[in-house]
Protein chains: 2
Amino acid sequence: MPELLTAQPHEMEIGQVLKALADEHRRRIIVELAADPSDAERTCNSFELPLSKQTVSHHFKTLLAAGLIKQVNYGNRQGISLRRDAIETKFPGLLDLLR
Amino acid sequence: MPELLTAQPHEMEIGQVLKALADEHRRRIIVELAADPSDAERTCNSFELPLSKQTVSHHFKTLLAAGLIKQVNYGNRQGISLRRDAIETKFPGLLDLLR
DNA sequence: GGAAAGGTCCTACTTGTATCGTACCTGTGG
DNA sequence: CCACAGGTACGATACAAGTAGGACCTTTCC
C-alpha cells in the first residue's frame with residue numbers, strides 16, 4: 001500500500017521555490033529529474049549526492065514542501081518524481097533556466 | 001564624476017542569482033525595477049522597504065554581486081537600474097516568473 | 001560653513017539552515 | 001527469522017545570512 005506524499009494543499013509559492021532551488025544540491029536533483037523526459041520514479045539514493053543520507057532526506061523534504069517533487073512511500077524506499085506539469089503551469093520556463 | 005559600479009567581471013551565476021532572488025525584500029526590488037519599462041534610475045531609498053538603511057544597502061550589494069542591477073555612484077546618492085538585457089540574455093523569462 | 005539627506009563600512013547579534021550522529025521504521029531476500 | 005538497504009525523526013553543531021547601531025563620507029542647499 002504505497003502512500004502518496006504530494007504535499008501541496010496550497011499553491012506553490014515563488015519564495016519557497018527559489019529558496020529550494022538556491023541550494024546547489026537540490027538544484028542538481030531537479031536538473032537531473034528534469035533531464036529525464038519519461039519522468040520515471042527515482043529513489044533518493046539514486047542521485048549519488050556527496051552527503052549523508054540524513055542530509056539527502058532533508059533536501060527532499062524541502063523540495064517536497066516547495067511543491068517541486070512528489071514522493072510515493074513504498075516503505076523501504078521512496079518513489080521520487082518531478083511535478084513537471086505543476087511547475088510548468090505555475091512557472092513556465094523555470095526548469096529550462098536551471099540548465 | 002559619477003562612478004559606475006557594474007560589478008560583473010565574471011558571468012552571472014545561477015546559484016548566486018537564485019540566492020539573491022530568494023529573499024523577499026530583494027525580490028521586491030527587482031520586481032519593482034522590472035515593472036518600469038523605461039528602466040529609469042532609482043535611489044536605494046525610493047523602494048521604501050521596512051528596513052534600516054544599512055540593511056537596504058546590504059541587499060543592494062547582494063543584488064549587485066549577483067549581477068542583477070547596476071549602480072552609479074553620485075556621491076550622496078546611488079543610481080540603481082536593472083541589468084535587464086543581461087538578465088534576459090542569460091536567463092530568458094526569469095523576470096516574468098517573479099510576478 | 002553647517003545642516004541635512006542618501007549611502008557605506010564595520011561590527012555585533014540573532015535567526016536560519018545545511019550537515020551529520022544516533023536511533024528507529026519498513027520492506028526485501030536469503 | 002534476521003540481516004540489510006533505503007529512509008525518516010530528533011537532536012546537536014557549525015556556518016551563513018538578515019538585521020541594525022554607530023561612525024563616517026559625499027553632495028546639496030540655505
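Naming: A, B, ... by sequence-line order, numbering from 1 per chain.
More than 12 heavy atoms of other residues, nucleotides or ligands shown are found within 6.0 angstrom of CD on A:Glu32.
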*If a protein heavy atom is under 4.0 Å from the base, mark B; if only from the sugar-phosphate, S; if neither, -; do that for nucleotides 5-18 of chain C going 5' to 3'.*
-BBBB-------SS
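Between A:Ile80 and A:Leu64, the closest side-chain pair of non-hydrogen atoms is not below 4.5 Å.
With sequence neighbours left out, B:Arg28 forms a salt bridge (Lys or Arg N to Asp or Glu O under 4.0 Å) with no residue at all.
Residue A:Leu63 contributes atom CG, which lies 15 Å from atom C1' of D:dG7 at whole-angstrom precision.
Judged as a side-chain hydrogen bond (donor to acceptor under 3.5 Å, both in side chains), the pairs with a partner in residues 88-98 of chain B (not counting sequence neighbours) are, in order, B:Glu11-B:Lys90.
We find the CZ-NZ distance between A:Arg84 and A:Lys70 to be 10.0 Å, quoted to the nearest 0.5 Å.
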